[in-house]
Amino acid sequence: MTLQLTDLYYYSFLAMFSVIVFTNLLPSDWVIITRPFVIISSLLSIVLLNNLKGVFYVLILYIFILIYTLSPLVFSSVNPSYLANNTRYLIYFVLIFGLIRILESTPLERLLYSMSKVFVVKLIIVGMISLNMNLLGGLFSNYILNGMDLVVHELFGQYRILDLYLFLFPLVFLYVENKSRKVKILVHSLLFFNILSSITFGIIFSYLIVMSLRYKYFRSILIFVIFAIFFIYYDYFISLYDNFLLEKSVSIEVKLNQFLFVFDNISIWGQGLGQSISIEGRVDSMLENVFIYWFIVYGIIGMIFMVTFFILFPFYICFQYRKNISLQILFYVHLSVLLVSASNPFLESVIGIIPMMIIVSFFICNGALFKEKTSKLYF
C-alpha cells in the first residue's frame, strides 16, 4: 500500500510540475487549474511523512518565518494580503516529505529525467511560437498576444517571446546526456534560440554563466564570438544599446532605486513580513530583486539565515556529491534560479524552490542509491 502511495505521489508531483510549467500557455485566469494538483501532491506528501529529519528541516524555516511574521504584528501593523503573498510559497515545502519517500526507492536521475522531458516539450512549443511570430507571419497571433499568459510583445522591431520558466534550462543537460550528437545539437540549438528570443538580461546572463561552468570549451567560443560580433557590428550594437536604454529605462530605474534603497534602510532586524515597501513612490509587497527584498524584510540577521538556508546549504550538498551527475544538474538549475532571482523573485515560487527541495531530499536520503554514475563537476 505504501509503495502504491509513493508511486501515486511520484506521478502527482510530475503532473503538478507539468501543469505549472505549461500554465502560461493558457489565459492568465486559468492559473487556478494548478491548485487541485498542488493540493493533491501536498496531501499525499503529508500522508507519506515518515522522516523526522525532513520535519526538522521544514520546522526551522517555519519558525524563522513565524518570528518575522509576529514581530510586525507586535510592533506595527500588517497587511494580510501582503503577508499572504510573501509567505504563500512556504506552503509548498511540505512537498519535501513526499520527495524523501520517492528518493528512498527511486533513482534521482529518473525523477530529473522525467522533469527534463517536460521542459524540452515546453521548449519546443515556445520555440515554435517564436518562429511563428517572427518568421511565419504570426498565425493565431490574436490568441498568442491576447489569450496566452506567455510574455509576447514587440521589442526592438521583433516579437519578444519570454517563457518565465526558461530558468530551468539546465535540465536540458540531463536530457541530452546519453543522446546522439545530432539530438544534442538540435536541443541545444533550440535552447539557444529560445534564450535569444526572450531578450531578457537575467535569463541570458544566467545562461552564459551556467554554460561557461558546465562546458569549458564554451568559455573560449563565447569570448571569441562576442568580440568578433561586437567588432563587426559595432555601430549596430551602439544603436541597439541606446534603444535598450530607452525601452527598459523604467525597469532599470526601478531596480537601481531598489539597490540604493537598501543602503539607506539597512537594519539588524528588518521590517518583517506583511508590510509594504515604498521606494520612490512605488509601493508593493515584493521587489524584483529577491536578495534586496531579503535585506529589507529580514535585516542583516535574517539575511544570514536566508542565505544559509537557500544558498549555502544546497550548494554544500551539491559539493559533497559533486561526482553525481544528477546533483551536478541540480546545482546548475539552482544556480540559474539564484541568478535570475536578482531581477525576478523566482526563488520565492513553487517552481523556484523545487530544485532546492530535491537537493535537500537527496541529502536526507544520504544518496546511497546514486553512486554508480559519475562525471566531473566544474565549479
Side-chain angles (χ1 to χ4, degrees), residues 2-23 31-66 84-119 165 167-168 171 306 309-311 313-314 317-318 326-327 329-330 333-334 336-338 341 345-367 369:
T2 303
L3 185 60
Q4 293 176 344
L5 280 176
T6 303
D7 291 339
L8 181 60
Y9 178 75
Y10 176 84
Y11 291 110
S12 70
F13 178 84
L14 286 179
M16 178 195 73
F17 176 80
S18 303
V19 170
I20 294 175
V21 167
F22 279 90
T23 301
V31 70
I32 194 173
I33 68 173
T34 63
R35 293 179 183 176
F37 294 91
V38 173
I39 292 172
I40 291 172
S41 296
S42 299
L43 291 176
L44 282 173
S45 184
I46 294 172
V47 169
L48 289 170
L49 171 62
N50 74 336
N51 191 297
L52 291 178
K53 293 179 182 178
V55 175
F56 181 70
Y57 173 80
V58 174
L59 275 179
I60 290 176
L61 176 62
Y62 282 2
I63 291 172
F64 170 81
I65 295 299
L66 181 62
N85 290 334
N86 294 156
T87 58
R88 185 181 293 116
Y89 77 101
L90 297 168
I91 300 172
Y92 303 122
F93 271 93
V94 300
L95 295 172
I96 200 171
F97 304 144
L99 286 170
I100 292 171
R101 290 298 297 273
I102 286 177
L103 297 180
E104 287 175 350
S105 57
T106 303
L108 174 58
E109 191 173 349
R110 178 191 171 194
L111 174 63
L112 290 184
Y113 184 70
S114 298
M115 293 170 63
S116 74
K117 288 194 289 185
V118 172
F119 178 76
Y165 301 117
F167 61 81
L168 295 171
L171 287 173
M306 295 297 281
F309 193 92
F310 283 87
I311 302 176
F313 185 51
I317 296 171
C318 291
S326 298
L327 262 293
I329 304 305
L330 284 171
V333 177
H334 190 51
S336 176
V337 173
L338 293 174
S341 292
F346 292 117
L347 191 55
E348 295 200 354
S349 67
V350 58
I351 292 297
I353 62 174
I354 279 178
M356 185 183 74
M357 288 194 294
I358 297 176
I359 291 171
V360 174
S361 300
F362 177 92
F363 182 71
I364 291 174
C365 294
N366 296 314
L369 298 173

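Residue numbers count from 1 along this sequence.
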How many angstroms lie between CG in L347 and CZ in F167, if you round to the nearest 0.5 Å? 9.5 Å
Find out whether F362 and S326 are in side-chain contact, i.e. whether some heavy atom of one side chain is under 4.5 Å from a heavy atom of the other. no
Give me the ring orientation class for F93 and Y57: parallel if the planes are under 30° apart, tilted from 30 to 60°, perpendicular past 60°. tilted
Heavy-atom pair of closest approach, residues F310 and H334: O-NE2, 2.7 Å
Enter the distance from E348:CD to L90:CG here, rounded to the nearest 0.5 Å. 7.5 Å
Compare all side-chain heavy atoms of L112 with those of I358 and state whether any distance is below 4.5 angstrom. yes
Polar side-chain atom of S116 near backbone of Y113 as donor-acceptor pair, under 3.5 Å: yes
Could you walk me through whether T87 and I65 satisfy the side-chain contact (heavy atoms from CB on, under 4.5 Å) test, starting with their C-alpha distance in whole Å, then the side-chain angles of each, then the deciding distance to 0.1 Å, before giving a yes or no? CA-CA 8 Å; T87 58; I65 295 299; 4.1 Å; yes
Steps toward side-chain contact (heavy atoms from CB on, under 4.5 Å) verdict (I351, Y92): CA-CA 10 Å; I351 292 297; Y92 303 122; over 6 Å; no
I need the C318 SG to F313 CZ distance, nearest 0.5 Å. 10.5 Å
Can you check whether V58 reaches F97 side chain to side chain, under 4.5 Å on heavy atoms? yes
Between Y10 and L44, is any pair of side-chain heavy atoms under 4.5 Å apart? no
Hey, mind stepping through S349 and Y89 against side-chain contact (heavy atoms from CB on, under 4.5 Å) and telling me if it holds? CA-CA 5 Å; S349 67; Y89 77 101; 5.7 Å; no
L111 side chain near F13 side chain, heavy-atom distance below 4.5 Å: yes
K53 to N51 - nearest heavy-atom pair and separation: N-OD1, 2.8 Å
When you measure from the side chain of S41 to the backbone of S12, do you find a donor-acceptor pair of N or O atoms at a distance under 3.5 Å? yes
Residue pair L327 / L108, side-chain heavy-atom distance below 4.5 Å: yes
Beyond-backbone contact of F119 with Y165, side-chain heavy atoms, under 4.5 angstrom: no
Supply the atom-to-atom distance I359 CD1 to I353 CD1, rounded to the nearest 0.5 angstrom. 12.5 Å
Minimum heavy-atom distance C365-L103, with the two atoms named: SG-CB, 3.9 Å
Taking the six-membered ring for Trp, are F64 and F309 ring centroids under 6.0 Å apart? no
Can you tell if the side chain of E104 reaches within under 4.5 Å of the side chain of N50, non-hydrogen atoms only? yes
Enter the distance from T6:OG1 to I100:CD1 here, rounded to the nearest 0.5 Å. 12.0 Å
So how far is it from L48 CG to L95 CG, rounded to the nearest 0.5 Å? 11.5 Å
Heavy-atom closest pair, residues S361 and I96: OG-CG1, 3.1 Å
Can you list the steps and then say if M115 with I354 is a side-chain contact (heavy atoms from CB on, under 4.5 Å)? CA-CA 11 Å; M115 293 170 63; I354 279 178; 3.9 Å; yes
Which pair of heavy atoms, one from V333 and one from P355, lies closest together, and at what distance? CG1-CG, 3.4 Å
